[in-house]
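Note that these values count all heavy atoms, side chains included, but never hydrogens, waters or copies made by symmetry.
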Amino acid sequence: MSSKLQSVKGMNDLLPTQSPYWQFVEQVLREIASAYAYDEIRTPILEKTALFVQSIGEQTDIVEKEMFAFEDAGGEFLCMRPENTASVVRAGVQHGLFHNTQARLWYMGPMFRRERPQKGRYRQFSQFGMEAVGWSGAEADVEVMLAGARIWKALGVKDVHLYLNSLGSDGCRTRYRTALVDFLKQHVDALDADSSRRLESNPLRILDSKNPDTQRILEDAPVITDYLDAEESAHFAQVRHLLDDARVAYTIDSSLVRGLDYYTSTVFEWKTAKLGAQNTICAGGRYDDLVERRGGQSTPACGFAMGIERLVELLIEEQNALRIKALDVWFISLDTEANQAAFRLAEKLRDTGLTVAMNHGVGKLKSQLKKADASGAQFALILGSTELEQGVVQVKPLRGQFESQNVAFDAVLELIHSR
RNA sequence: GUGAGCGUAGCUCAGCUGGUAGAGCUCCGGAUUGUGAUUCCGGCGGUCGUGGGUUCAAGCCCCAUCGUUCACCCCA
């Protein structure tokens, strides 16, 4: 037992019982991205480590301790992508996708972070994301939020709520940071260890501390939206107006800050109460400086990332039973000769779009029929020496009240399609 | 990285105050010959995560280690 090799910690196999949920979710995501006229982009899983260090931020936990990073045989520092926005921006700049133009992009695929696994958090996990690059107006912010709302509806997940905040421009954030630090320094003795450490490195992150004592202190802390300049204030107002107009409910949460340094201006999260501690299923916002920092023209942008494992868990949690398409036919053959004929006939059935499983090899009819029944197939086709001599196959309906009947090979298709 | 819970058949689990293992499901076979959901009977299947220790004796107690789950941290 213990000598058997197992999968890497936090990296899970997707088993056949789960894959229908994934296929459903992936299909919905693709359709909705397409409905908003976003185009798919796929970037490599490996990138240069520097891309994420420079984009996500040196002081973030993701970069400091959660990346699968290594030096390859050629001495290059590479890492497995911990998220995809930085790669999308890199690719867009590299190929001129944003040069004097705009782009709506979506992506989906595996990401990697070396965290301690828990519910809703894995070392390999999948994200779907939409990125609107080149628009500075609130319409882009709201468009990606509306896409989120449409996704919940299409998936049938309920009790997902939108939280909203604005981090303002660089200038706003600097002034606010100073005010926040000044305030917190008055209560430094009461702060938890993590928070007092962040006082120097990343004070905004203190806002979403889960420590109750820290939260109590923060009740009287300055609020970032009070520090927005006129332009940012108007932008945020327009975001809220468009959301109101679209009848999407939301809550302003002034403690909402994102863990990746590239965010600016509008930030948002969709949360649910049904997934335990990892309750954010989608998060995003503006990153107006990132394209320029990656070497492109100054280009505004916004987008979100969505955790697909969390979506699937939510689907299962809410017991949204999926209707899985059953087999049409389970083909039983009783000897090797019949088996050959069955192979040929099964191919013909598949040519017309039927799903056909074969019982390989020769087994007892009784046990083969049991399997046919358990498979959920509509029909069992039985071919033995008797049938073969007469050039017929027995068509046995496994559901409903129809009788079995022997029909000629050529007539099988017609009979099955007529039911 | 920190903390807590759990690790017994393929799966879900039981195993009383320590006496060298059980159920259900699955799978296979049978209840007369080539006809599926039920029922009945039988069978396959475990060095009780691993390594040490205490004991006449350990799945049960102790230590270590690995795995796993949840939470913290962080984040989708």
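A gap of 37 Å separates the P atoms of B:C48 and B:A37, to the nearest Å. Comparing the P positions of B:C28 and B:G22 gives a spacing of 25 Å, expressed to the nearest Å. Spacing of C1' atoms, B:G53 relative to B:A71, comes out at 32 Å, to the nearest Å. Straight-line distance between the C1' atoms of B:G5 and B:G46: roughly 24 Å, to the nearest whole Å. If you take atom P in B:C13 and the same atom in B:C73, they sit 29 Å apart, rounded to whole Å. Comparing the same atom, C1', in B:C27 and in B:C44 gives a spacing of 8 Å after rounding to whole Å. Comparing B:U26 with B:G45, their C1' atoms sit 11 Å apart, to the nearest whole Å. When the C1' atom is used for both B:U50 and B:C6, the distance is 16 Å, rounded to whole Å.
Nearest-nucleotide positions on RNA chain B place A:Leu369 closer to the 5' end than the other of A:Leu369 and A:Arg258. Residue order along RNA chain B, read from the 5' end via each residue's closest nucleotide, puts A:Pro117 first among A:Leu260 and A:Pro117.
Among the atoms of the strands shown, none is found under 4.0 Å from any heavy atom of A:Ala372. If you check every strand for non-hydrogen atoms under 4.0 Å, A:Ser195 touches nothing. The residue A:Gly276 sits close only to the backbone: its heavy atoms come under 4.0 Å of sugar-phosphate atoms, none of a base. At the heavy-atom level, A:Glu64 lies nowhere under 4.0 Å from the strands shown. When heavy atoms are screened at a 4.0 angstrom cut-off, A:Tyr122 is found touching base atoms of the nucleic acid. When heavy atoms are screened at a 4.0 angstrom cut-off, A:Ile281 is found touching the sugar-phosphate backbone but no base atom. Within the nucleic acid shown, A:Lys9 comes within 4.0 Å of sugar-phosphate atoms alone, with no base atom in reach, counting heavy atoms only. Counting any heavy atom pair closer than 4.0 Å across all strands shown, A:Ile308 reaches no nucleic acid atom.
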### Message
For A:Ser166 and A:His235: C-alpha separation, side-chain torsions, deciding distance, then whether side chain to side chain donor-acceptor pair (under 3.5 Å) applies.
### Response
CA-CA 9 Å; A:Ser166 174; A:His235 181 94; over 6 Å; no

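Sequence neighbours left out, the pairs with a member in residues 353-381 of chain A that pass salt bridge (Lys or Arg N to Asp or Glu O under 4.0 Å) are A:Asp373-A:Arg399.
Contact between A:Tyr38 and A:Ala132 at its shortest, heavy atoms only, is OH-CB, 3.5 Å.
Ranking B:C72, B:U35, B:C70 by closeness to the A:Gln394 side chain, first place goes to B:U35. Distances were taken from every side-chain heavy atom of A:Glu115 (C-beta onward) to each of B:A37, B:A71, B:A76; the shortest belongs to B:A76. When distances are taken from the side chain of A:Gln6 to each of B:G34, B:G36, B:G67, the shortest belongs to B:G67. Listed nucleotides B:U35, B:G36, B:U2 differ in distance to A:Leu365; the shortest reach to its side chain belongs to B:U35. Nearest to the side-chain atoms of A:Gln278 among the listed nucleotides B:U68, B:C73, B:A76 stands B:C73. With B:U35, B:C72, B:A76 as the choices, the nucleotide that has an atom nearest any side-chain atom of A:Ile382 turns out to be B:U35. Closest to the side chain of A:Asp61, out of B:G36, B:A71, B:C73, is B:C73. Distances from the side chain of A:Gln118 to the nucleotides B:G34, B:C73, B:A37 place B:C73 closest.
Between A:Leu315 atom CG and B:A76 atom P there is a gap of 21 Å when expressed in whole angstrom units. For the pair A:Arg116 CZ and B:G3 P, the interatomic distance rounds to 9 Å; values are reported in whole Å. Between the CD atom of A:Glu313 and the P atom of B:U69 there is a distance of 11 Å, rounded to whole Å. When rounded to the nearest whole Å, the span between CE of A:Met145 and P of B:A76 equals 15 Å. The CD1 atom of A:Ile62 sits 13 Å away from the C1' atom of B:C73 (whole-angstrom rounding). Atom P of nucleotide B:A76 and atom CG of A:Asn279 are separated by 12 Å, given to the nearest angstrom. Distance, A:Asp373 CG to B:A37 P: 7 Å, rounded to whole Å. If you measure from atom NZ of A:Lys65 to atom P of B:C72, you get 14 Å, rounded to the nearest angstrom.
At a cut-off of 3.5 Å, with distance as the only test, no side-chain donor of A:Arg173 or A:Tyr227 sits close to an acceptor on the other residue. A:Asp244 and A:Tyr250 are linked by a side-chain donor-acceptor pair at a separation below 3.5 angstrom, with hydrogens and angles left out of the test.
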Counting primed atoms, P, OP1 and OP2 as sugar-phosphate and everything else as base, the B/S/- map of nucleotides 24-31 of chain B against protein heavy atoms under 4.0 Å is ----SSS-

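Counting heavy atoms of neighbouring residues, nucleotides and ligands inside a 6.0 Å radius, atom CD of A:Glu337 does not exceed 12 of them. With a 6.0 Å radius and a threshold of 12 heavy atoms from other residues, nucleotides or ligands, A:Arg150 has its CZ atom at or below the threshold.
Looking only at side-chain heavy atoms (C-beta outward), A:Glu309 and A:Ser126 come within less than 4.5 Å of each other. For the pair A:Phe125/A:Ile308, no side-chain contact is recorded, criterion being any heavy-atom separation below 4.5 Å from C-beta on.
Classified by interplanar angle (parallel below 30°, tilted 30° to 60°, perpendicular above 60°), the ring pair A:Phe128/A:Phe304 is tilted. Classification of the A:His187-A:Phe183 ring pair by plane angle, with boundaries at 30° and 60°, yields tilted.
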Which donor-acceptor pairs under 3.5 Å do the side chains of residues 341-357 of chain A make with protein atoms, sequence neighbours left out?
{"unit_1": "A:Glu347", "atom_1": "OE2", "unit_2": "A:Arg350", "atom_2": "NH1", "d": "2.8"}
{"unit_1": "A:Arg350", "atom_1": "NE", "unit_2": "A:Val356", "atom_2": "O", "d": "3.4"}
{"unit_1": "A:Arg350", "atom_1": "NH2", "unit_2": "A:Val356", "atom_2": "O", "d": "2.9"}
{"unit_1": "A:Thr352", "atom_1": "OG1", "unit_2": "A:Leu349", "atom_2": "O", "d": "2.8"}
{"unit_1": "A:Thr352", "atom_1": "OG1", "unit_2": "A:His417", "atom_2": "NE2", "d": "3.0"}
{"unit_1": "A:Thr355", "atom_1": "OG1", "unit_2": "A:Asp328", "atom_2": "N", "d": "3.0"}
{"unit_1": "A:Thr355", "atom_1": "OG1", "unit_2": "A:Asp328", "atom_2": "OD2", "d": "3.3"}

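Salt-bridge formation is not detected for the pair A:Lys396/A:Glu403: no Lys NZ or Arg NE/NH1/NH2 atom is positioned less than 4.0 Å from an Asp or Glu carboxylate oxygen. The pair A:Asp39-A:Arg104 fails the salt-bridge criterion, with no side-chain N (NZ, NE, NH1 or NH2) lying under 4.0 Å from an Asp/Glu carboxylate O.
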Under the rule of Watson-Crick or G-U wobble with both distances under 3.5 Å, where | means paired to another strand and [ ] a crossing pair, RNA chain B maps to (((((((..((((........)))).(((((.......))))).....(((((.......))))))))))))....

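Considering only residues two or more places apart in sequence or on other chains, A:Arg114 meets the salt bridge (Lys or Arg N to Asp or Glu O under 4.0 Å) condition with none of them.
The stretch residues 37-54 of chain A has no heavy atom under 4.0 angstrom from RNA chain B at all.
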